[in-house]
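A short write-up of the structure that comes next.
Atoms considered below: every heavy atom in the structure, side chains included; atoms not considered: hydrogens, waters and symmetry mates.
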Amino acid sequence: AGWDLKRKITSKGANFLASFLLDPGNASDLTGSFRLYKREALEKILPLVTSKGYAFQMEILILAKKHGMTLGEVPITFVDRIYGESKLGANEIIMYLKGLVKLFFTT
């Protein structure tokens, strides 16, 4: 990825913490990535999801694993933005940590 060191450390740290606490199976990136889901999977899982923000993505993966669904990944490469700015700030990090703790205790 074309990210600066701070962004790389933030991403690696967030993924390590989520993987350690939530046991997502073979998912390599819980905090981002491009994902496709089968319609049947979404119809089964989305009504159960209560999280918002970054935790939403993690909860879908954890619920899919709990329901015996399999995961396949296709690597992608993120590049620096040409336009706009990242939304990642202190508020998003706090929301992520709150969502992670909630998922740890409820899933």
Side-chain angles (χ1 to χ4, degrees):
W3 294 334
D4 63 17
L5 183 60
K6 179 183 173 187
R7 181 67 176 98
K8 287 179 182 178
I9 291 171
T10 301
S11 179
K12 292 280 186 197
N15 273 295
F16 172 79
L17 189 58
S19 293
F20 180 76
L21 293 176
L22 302 178
D23 185 26
N26 65 339
S28 66
D29 185 355
L30 276 76
T31 62
S33 73
F34 178 75
R35 298 198 176 114
L36 298 173
Y37 295 93
K38 289 184 178 180
R39 180 182 180 141
E40 299 81 24
L42 290 177
E43 288 172 343
K44 187 171 191 175
I45 293 172
L46 283 181
L48 307 174
V49 175
T50 61
S51 298
K52 307 278 187 237
Y54 292 104
F56 173 83
Q57 298 175 52
M58 294 185 292
E59 186 173 5
I60 289 177
L61 287 173
I62 300 307
L63 290 173
K65 181 184 174 196
K66 282 191 166 196
H67 284 87
M69 297 174 188
T70 57
L71 167 71
E73 293 186 320
V74 176
I76 62 172
T77 301
F78 287 102
V79 295
D80 283 338
R81 294 174 186 261
I82 296 172
Y83 302 104
E85 295 182 23
S86 173
K87 298 175 287 192
L88 185 63
N91 287 339
E92 286 74 24
I93 293 171
I94 291 168
M95 283 179 47
Y96 166 80
L97 292 171
K98 285 180 179 179
L100 185 58
V101 169
K102 176 190 161 263
L103 291 174
F104 177 74
F105 286 111
T106 62
T107 59

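- A distance-only check finds a donor-acceptor pair linking the side chain of Glu59 to the backbone of Thr50 [under 3.5 Å].
- Looking at heavy atoms from C-beta onward, Thr107 lies out of side-chain contact with Met58 at the 4.5 angstrom threshold.
- Side-chain N or O atoms of Lys65 include none that pairs as donor or acceptor with a backbone N or O of Leu71 at under 3.5 Å.
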Which atom pairs, one a donor and one an acceptor, fall under 3.5 Å between side chains of residues 38-49 and the rest of the protein, sequence neighbours left out?
from  : atom 1 : to    : atom 2 : distance (Å)
Arg39 : NE     : Glu43 : OE2    : 2.8

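- Closest approach of Tyr96 and Asn15 over heavy atoms only: OH-N, 4.4 Å.
- The line from CE of Met69 to CD1 of Ile60 is 11.0 Å long, rounded to the nearest 0.5 Å.
- Counting heavy atoms from C-beta on, the side chains of Leu97 and Leu17 come closer than 4.5 Å.
- Transitive grouping of hydrophobic side chains (ILVMFWY, heavy atoms separated by less than 4.5 Å) keeps Ile93 and Ile9 in distinct clusters.
- Ile94 contributes atom CD1, which lies 7.0 Å from atom NZ of Lys98 (distance to the nearest 0.5 angstrom).
- Atom CG of Leu100 and atom CG of Leu21 lie 5.0 Å apart (nearest 0.5 Å).
- Sorted by first and then second residue, the salt bridge (charged side-chain N to carboxylate O under 4.0 Å, His left out) pairs involving residues 13-22 (not counting sequence neighbours) form an empty list.
- Listed here is the closest heavy atom pair of Ser19 and Pro24: O-CD, 3.6 Å.
- For NZ of Lys12, the number of neighbouring non-hydrogen atoms (other residues, nucleotides, ligands) closer than 6.0 Å is 12 at most.
- Of all heavy-atom pairs between Ala27 and Leu61, the closest is CB-CD1, 4.1 Å.
- The shortest non-hydrogen separation linking Ala18 to Leu30 is CB-CD2, 3.9 Å.
- Summarising the local packing, CZ of Phe16 is surrounded by 12 or fewer heavy atoms from other residues, nucleotides or ligands at distances under 6.0 Å.
- Nearest heavy atoms, Gly99 versus Ala55: CA-CB, 3.7 Å.
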